[in-house]
Amino acid sequence: MTFKGSQRLQQLGSAIFSEVAEWKREVMNQGVDVIDLGIGSPDLPPSSRILDAMANAVRTPAHYGYPSSEGSLAFREAVAKWYQYRFGVDLDAETEILTLMGSQDGLAHLALSLCDPGDIAIVPDPGYPIYSASLVLAGVEPYLLPLRAVHDFLPQLEDIPDDVAAKAKFILLNYPSNPLSAVADRAFFEHLIGYAKKHDLLVVHDLAYSEMAFDGYKPMSILEIEGAKEVAIEFHSLSKSFNMAGCRIAFLTGHADAVKALKTLKSNIDYGVFGAIQAAGIAALEEDMENDHSVSSVYEKRRNVFISALNDAGWIIPPPKATMFIWAPIPKGWTSRQISREMLFQTGVVVIPGDAFGAEGEGFVRIALVQNEARLLEAAGRIGDWLRTLE
Ligand SMILES: Cc1ncc(COP(=O)(O)O)c(C=O)c1O
């Protein structure tokens with residue numbers, strides 16, 4: 001018997017990621033020392049306090065029953081304290097916070113919990129892939145909101161047709177952004193909240209990179225805007241902020257009814273995050289509140305060395321203000337996919353073609369700063385040597 005999965009699967013995920021993985025395998029099989037700047041997985045470990053908290057909790061027998069699907073009250077209370085410390089936002093741990101197995105988990109199930117088949121949701125292009133995939137899972141029609149360099153990668157909300165704004169259930173945005181490494185200021189968020197109120201639209205903000213910002217810049221939470229909780233929810237993850245991507249813990253905050261919708265769906269799907277991981281999460285948030293345990297300085301140094309080495313080689317890239325990514329405009333005469341492939345085969349450096357994140361990503365590649373400075377310099381050196389051969 002040959003068995004075909006659902007038609008839904010055909011629409012999931014960009015084929016470009018598998019293509020890049022295939023190129024990488026081919027190059028590795030040739031014995032090349034590959035430097036992978038593709039996937040944004042942190043290369044550093046969590047702090048020793050986080051590791052100790054996890055190790056102790058792993059030995060606690062009470063953690064081996066089913067955890068509660070919404071997360072322990074202790075973890076949600078730590079989140080509430082951290083939101084107050086970091087953003088000055090008050091949250092009710094009982095009704096305005098939901099623990100998640102990574103924000104991917106929450107984002108993947110979001111449309112299923114908020115929308116009915118045939119509804120519309122507004123998502124960014126380019127955008128982090130799960131945004132569109134979650135709409136496919138729920139049978140929701142995407143309205144792709146273009147984010148372009150000419151507008152600093154901020155959406156032109158007024159260009160959204162009125163009938164789309166009227167019908168859409170939510171608008172999803174992400175600043176600081178993956179893949180664009182763009183940022184948004186208070187004026188933009190105020191405008192967005194005003195727009196959402198006018199159109200009776202839920203705003204979903206993905207704040208995965210709030211703790212990875214440079215040159216003294218501190219990204220804000222959308223919930224800092226007055227009245228935002230009436231129309232907005234916000235995802236936050238411990239993956240990037242505290243190097244915990246393998247532990248799978250994140251949370252959703254904001255509008256109580258929307259939080260409850262995802263909580264209800266999730267209580268039918270899983271039993272929540274392992275208690276030892278929640279204990280590690282509490283340690284991460286507490287440590288940050290005690291001594292501002294930011295990963296920013298590591299990535300700022302990586303950004304500086306990598307970008308200046310590429311600049312020296314003639315590839316001028318605007319330095320991002322935040323995130324672990326560089327969204328690099330490509331030299332003329334290439335498509336994103338052509339240059340990514342050729343660069344990998346000629347230099348052994350893996351980057352992701354911009355159109356993997358949507359059609360608007362054509363003309364860019366995404367480079368993840370997930371190697372140490374020496375390896376990044378090596379990568380930039382190889383790319384520079386290769387670019388010089390093309391002159
Ligand atoms: C913008 C954005 N949102 C969400 C995620 C998912 O993070 P996690 O599921 O590890 O919390 C990522 C991971 O790269 C991301 O870049």
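These values consider heavy atoms only, across backbone and side chains, with no hydrogens, waters or symmetry-generated copies. For ligands, and for the atoms within them, numbers begin at 1 and follow the listed sequence.
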Near [X], which atoms of ligand 1 are under 4.0 Å from a heavy atom of that residue?
X      : result
Asn178 : 1 (C), 15 (C), 16 (O)
Arg248 : 8 (P), 9 (O), 10 (O)
Gln104 : 6 (C), 8 (P), 9 (O)
Asn174 : 1 (C)
Gly102 : 9 (O), 11 (O)

Where on Tyr209 is there a heavy atom closer than 4.0 Å to ligand 1, on the side chain, on the backbone, on both, or on neither?
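Looking at Tyr209 and ligand 1, just side chain atoms fall under 4.0 Å.
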Side chain, backbone, both or neither: Tyr131 near ligand 1, heavy atoms under 4.0 Å:
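Just the side chain.
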Report yes or no: does Thr99 contribute a side-chain atom to a donor-acceptor pair with the main-chain N or O of Glu70 at less than 3.5 Å?
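Yes; judged by distance alone, with no hydrogens or angles, the pair exists.
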Give a yes or no on whether Asp270 atom CG has more than 12 heavy-atom contacts from other residues, nucleotides or ligands under 6.0 Å away.
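Atom CG in Asp270 is crowded, with more than 12 foreign heavy atoms closer than 6.0 Å.
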How about Ile326 and Arg366: do any of their side-chain heavy atoms sit closer than 4.5 Å?
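No; the side chains remain at least 4.5 Å from each other.
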With under 30° as parallel and over 60° as perpendicular, where do the rings of Trp82 and Phe242 fit, or are they tilted in between?
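Plane angle over 60°, so perpendicular.
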Could you check whether the rings of Phe17 and Phe357 sit parallel, tilted or perpendicular, using 30° and 60° as the cut-offs?
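Plane angle over 60°, so perpendicular.
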Looking only at protein heavy atoms, which one is nearest to [atom], and what is the separation?
atom                    : answer
atom 10 (O) of ligand 1 : Ser239 OG, 2.5 Å
atom 7 (O) of ligand 1  : Ser103 OG, 3.3 Å
atom 14 (O) of ligand 1 : Lys240 NZ, 2.7 Å
atom 2 (C) of ligand 1  : Asp206 OD2, 3.3 Å

Compute the centroid of each ring, for Tyr209 and then for Tyr175, and state whether the two points are separated by less than 6.0 Å.
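Ring centroids of Tyr209 and Tyr175 are no less than 6.0 Å from each other.
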What distance do Met324 atom CE and Ser296 atom OG have between them, rounded to the nearest 0.5 Å?
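Here the interatomic distance stands at 11.0 Å.
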Pair Lys321-Tyr217, side-chain hydrogen bond (donor to acceptor under 3.5 Å, both in side chains): steps then yes or no:
CA-CA 7 Å; Lys321 287 206 181 79; Tyr217 167 64; over 6 Å; no
